[in-house]
Amino acid sequence: MPADPLRPRFYLTTAIAYANNQPGLHTLYEVIAADVIARWHRMLGDDTRFLTGTDEHSVNIAMKAAEEGRAPRDFVDEKVALFKAAEDALSISPDRFIRTTDPDHIRASQELVRRAYANGDIYIGTYEGWYCPNEGFRNATDVQETARGTICPNHPDVPLQWLTEKNWFFKLSAYQTRLEQHFLDNPTFVQPDYRRNEMLGFIRQGLEDFSISRAGAGWGIPFPIAENGETAQREDGSWDPEAGTIYVWYDALINYVTGAGFPDDLKSFARWWPADLHVIGKDILRFHTIFWPAMLWSAGLEAPRKVWAHGWLLAAGGERMSKSRGNFLDPGDFVAAFGSDGARYVVLREVPFDKDAEVSWDGFVRRYNADLANDFGNLVNRTVSMANRYLGGERPDPSPAADADATWSWTSRVPMLQSSLDDCLLHEALGVIWSVVGDANRFVDAEKPWELAKAAKTGDEAATARLQVVLGDLVEVCRLIGLAAAPFLPETAPRVLAQLGYAWPYAADGNGGPPLLDQLRWGAHSGEKGMLTQAEPLFPRLDTETAPN
RNA sequence: GGCGGAGUAGCUCAGUGGUAGAGCAGGGGACUCAUAAGCCCUUGGUCGGUGGUUCAAAUCCGCCCUCCGCUACCA
């Protein structure tokens with residue numbers, strides 16, 4: 001993808017998934033949403049870079065691998081394959097799937113540590129906390145006080161030890177003032193607003209330094225600096241295990257700059273950084289909006305432009321979905337039932353992107369049937385059928401743009417769609433598109449093309465003309481809806497346009513076509529001849545009894 | 001405890017002073033181009049409770065109840 005300096009660029013990322021297990025739909029939810037935003041920007045004509053990936057280091061993963069008698073690398077390779085397969089099944093289109101085990105990421109992570117050191121922001125301190133022999137250090141919030149002492153809930157029989165370890169620390173405290181000012185100067189840096197307020201409150205409580213290394217050569221990136229401040233790399237290129245490994249945030253977060261080209265390709269990095277958007281879950285907000293900017297500043301880099309914290313899919317009763325609770329939805333089952341586009345649609349429509357929402361299989365089926373099968377799919381089907389039957393399949397032109405707005409209000413819908421997407425309110429964007437679907441179905445019943453066709457057959461010229469315009473408008477509305485919905489329904493949109501006799505001008509990932517906003521003008525293809533194809537149902541209706549469990 | 005948010009029809013929610021709304025679900029009807037889809041009509045709510053301000057409050061103020069988020073090192 002050649003970088004065109006004249007084209008606006010858009011770089012967005014999802015959080016990288018922890019590669020300790022199979023992926024759940026609640027994890028993919030964020031990736032689906034980000035994929036929609038990426039496709040939207042590609043179709044607009046922006047030079048877009050979309051990054052997804054996996055977080056693969058940690059003692060937990062090394063131990064899980066050991067339990068299975070496998071090498072960590074072998075273990076994560078298998079999990080990564082599952083994540084990639086799930087992304088493929090959902091038509092996710094990352095420009096790069098980054099792995100924290102990638103060599104360039106390891107270099108990036110180490111380079112950021114070096115820069116922090118050079119800037120005087122890291123120092124050796126002591127980290128202490130409850131240590132579970134099976135899982136490593138545990139948070140205070142993860143342990144339980146019992147009559148027999150403090151235990152880790154996952155291994156109640158294994159006594160926890162209070163351990164002290166010599167670690168490197170990052171001087172987050174030094175960035176408190178700058179962070180607060182950054183929040184005040186950039187009101188949309190963290191969105192939604194209530195999340196921003198939470199983070200601002202957190203900053204104002206005072207910031208503590210955090211540890212960025214762990215002792216020993218575990219399953220992680222070698223810490224590049226020895227205790228004496230010299231490089232920890234030996235002459236043969238290997239790393240001194242005494243220096244320890246990089247811990248969590250100086251590994252995981254760094255993927256965003258690695259994915260932009262840091263540090264190997266600084267020209268690319270200059271093109272893509274700072275990221276326009278990090279899409280993340282609310283559980284890691286603090287790390288992305290407080291730790292991360294400070295880490296970047298310490299390295300002389302800019303903070304990302306926007307961090308968006310989405311809500312969660314909640315299981316019945318408002319419980320958070322998780323693999324450990326066993327109440328998660330399997331992406332394979334989901335795609336098998338709803339199809340790739342159906343799956344994308346129902347999760348994005350049922351859950352407002354700025355809030356949590358309870359979801360259920362029945363709710364998804366209802367939503368699929370109501371919105372996709374009955375309203376949209378059937379609209380295209382009846383439109384194409386009628387145009388074929390009454391006009392011999394020759395595509396009719398829509399009414400002139402000046403007249404059309406009285407019926408369709410299309411010129412005001414496009415800005416609504418744009419602002420919803422710019423504000424990451426994906427459910428709202430779908431609401432805008434589907435309000436047109438509703439208008440179109442009502443339009444059919446109001447105009448009764450079948451009656452116009454009967455009258456036309458008897459030689460009624462007014463009816464003949466009206467039939468052309470009515471079906472022309474319907475075909476045009478289907479084209480516009482198909483294009484507007486394309487970022488959400490990338491498999492279906494080309495099928496819609498094909499049935500209307502239009503070629504699909506975009507690549508499979510949304511790149512390469514004409515600017516979407518040009519295509520979204522009413523009557524953009526008026527006067528072009530075209531033949532409709534046979535009407536083919538886009539979204540077969542589902543039985544309510546399709547639930548797998 | 002502190003800071004913030006929310007309680008409106010069976011469900012999800014919109015509605016920030018002027019006679020209670022949408023979508024879905026439920027009931028009825030007319031039609032037939034269509035995926036027995038679509039369209040029209042309709043059932044349904046003392047707008048968490050209470051006291052106040054006002055000619056008028058879901059909407060403003062006080063108090064109370066319930067729920068949720070954040071309150072540091074898990075990916």
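Residue numbering restarts at 1 for every chain, and letters A, B, ... go by the order of the sequence lines.
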With a 4.0 Å cut-off on heavy atoms, is [X] in touch with a base, just the backbone sugar-phosphate, or nothing at all?
{"X": "A/Ser58", "value": "sugar-phosphate"}
{"X": "A/Tyr247", "value": "sugar-phosphate"}
{"X": "A/Gly311", "value": "nothing"}
{"X": "A/Asp283", "value": "base"}
{"X": "A/Val248", "value": "sugar-phosphate"}
{"X": "A/Leu207", "value": "base"}

Return the nucleotide paired to [N]: Watson-Crick means purine N1 to pyrimidine N3 with N6-O4 or O6-N4, wobble means G-U with N1-O2 and O6-N3, both under 3.5 Å.
{"N": "B/A37", "answer": "none"}
{"N": "B/G26", "answer": "B/U42"}
{"N": "B/C70", "answer": "B/G2"}
{"N": "B/A75", "answer": "none"}
{"N": "B/A58", "answer": "none"}

Taking the [atom1] atom in each of [N] and [M], what is the distance between them to the nearest angstrom?
{"N": "B/A25", "M": "B/U12", "atom1": "P", "value": "15 Å"}
{"N": "B/C11", "M": "B/G44", "atom1": "C1'", "value": "13 Å"}
{"N": "B/G7", "M": "B/G49", "atom1": "C1'", "value": "11 Å"}
{"N": "B/U54", "M": "B/C61", "atom1": "C1'", "value": "12 Å"}
{"N": "B/U19", "M": "B/G52", "atom1": "C1'", "value": "23 Å"}
{"N": "B/A22", "M": "B/C47", "atom1": "C1'", "value": "15 Å"}
{"N": "B/C67", "M": "B/U8", "atom1": "P", "value": "15 Å"}
{"N": "B/G29", "M": "B/U43", "atom1": "P", "value": "16 Å"}

In this structure, how many angstroms lie between the [atom2] atom of [N] and the [atom1] atom of [X], rounded?
{"X": "A/Trp434", "N": "B/G38", "atom1": "CH2", "atom2": "P", "value": "14 Å"}
{"X": "A/Glu350", "N": "B/G23", "atom1": "CD", "atom2": "C1'", "value": "11 Å"}
{"X": "A/Ile254", "N": "B/A75", "atom1": "CD1", "atom2": "C1'", "value": "14 Å"}
{"X": "A/Leu314", "N": "B/C68", "atom1": "CG", "atom2": "P", "value": "12 Å"}
{"X": "A/Asn441", "N": "B/A37", "atom1": "CG", "atom2": "P", "value": "13 Å"}
{"X": "A/Glu358", "N": "B/C68", "atom1": "CD", "atom2": "P", "value": "12 Å"}
{"X": "A/Lys282", "N": "B/G69", "atom1": "NZ", "atom2": "P", "value": "6 Å"}
{"X": "A/Glu428", "N": "B/G15", "atom1": "CD", "atom2": "P", "value": "10 Å"}

Between [X] and [Y], is any side-chain donor less than 3.5 angstrom from a side-chain acceptor?
{"X": "A/Ser173", "Y": "A/Asp209", "result": "yes"}
{"X": "A/Thr101", "Y": "A/Glu56", "result": "yes"}
{"X": "A/Asp375", "Y": "A/Trp434", "result": "no"}
{"X": "A/Tyr345", "Y": "A/Thr492", "result": "no"}
{"X": "A/Trp292", "Y": "A/His278", "result": "yes"}

Using a strict cut-off of less than 4.0 Å between a Lys/Arg side-chain nitrogen and an Asp/Glu carboxylate oxygen, indicate whether [X] and [Y] qualify as a salt bridge.
{"X": "A/Glu451", "Y": "A/Lys454", "value": "no"}
{"X": "A/Arg442", "Y": "A/Asp445", "value": "no"}
{"X": "A/Glu491", "Y": "A/Arg344", "value": "no"}

- Message: Both conditions, 6.0 Å and 45 degrees, for the charged tip of A/Lys79 above the ring of A/Phe75: are they met here?
- Response: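 Yes; both conditions hold, so A/Lys79 lies above the ring face of A/Phe75.
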- Taking the nucleotide of RNA chain B with the closest heavy atom to each, which residue, A/Arg195 or A/Tyr127, is nearer the 5' end?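 Checking each residue's closest nucleotide, the 5'-ward one belongs to A/Arg195.
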Set out, line by line, the N/O atom pairs under 3.5 Å between protein and nucleotides 1-6 of chain B.
none

Using atom names, set out every protein N or O paired with an N or O of nucleotides 26-36 of chain B below 3.5 Å, distance rounded to 0.1 Å.
| unit_1 | atom_1 | unit_2 | atom_2 | d |
| --- | --- | --- | --- | --- |
| B/C33 | O4' | A/Tyr390 | OH | 3.2 |
| B/C33 | O2 | A/Arg382 | NE | 3.1 |
| B/C33 | N3 | A/Arg382 | NE | 3.4 |
| B/C33 | N3 | A/Arg382 | NH2 | 2.6 |
| B/C33 | N4 | A/Arg382 | NH2 | 3.1 |
| B/A34 | OP1 | A/Arg389 | NH2 | 2.7 |
| B/A34 | O3' | A/Asn381 | OD1 | 2.8 |
| B/A34 | O2' | A/Asn378 | OD1 | 2.6 |
| B/A34 | O2' | A/Asn381 | OD1 | 2.9 |
| B/A34 | N1 | A/Arg382 | NH2 | 3.4 |
| B/A34 | N3 | A/Asn378 | ND2 | 3.1 |
| B/A34 | N3 | A/Arg382 | NE | 3.4 |
| B/U35 | O2 | A/Phe539 | O | 3.2 |
| B/U35 | O2 | A/Arg541 | N | 3.3 |
| B/U35 | N3 | A/Phe539 | O | 2.8 |
| B/U35 | O4 | A/Gly377 | O | 3.3 |
| B/U35 | O4 | A/Leu538 | N | 3.1 |
| B/U35 | O4 | A/Phe539 | N | 3.2 |

- Residues in salt bridge (Lys or Arg N to Asp or Glu O under 4.0 Å) with A/Arg70, at least two apart?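 Applying salt bridge (Lys or Arg N to Asp or Glu O under 4.0 Å) to A/Arg70 gives A/Glu68, A/Asp74, A/Glu78.
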- is_close_aromatic(A/His427, A/Phe353), centroid dist under 6.0 Å: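 No - the distance between ring centres of A/His427 and A/Phe353 does not fall below the 6.0 Å cut-off.
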- Task: For this output row, return yes or no: ring centroids of A/Phe210 and A/Trp249 closer than 6.0 angstrom.
- Result: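 No - the distance between ring centres of A/Phe210 and A/Trp249 does not fall below the 6.0 Å cut-off.
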- Query: Which listed nucleotide (B/A25, B/C73, B/A72) is nearest to the side chain of A/Arg366?
  - Reply: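 So the nucleotide nearest the side chain must be B/A25.
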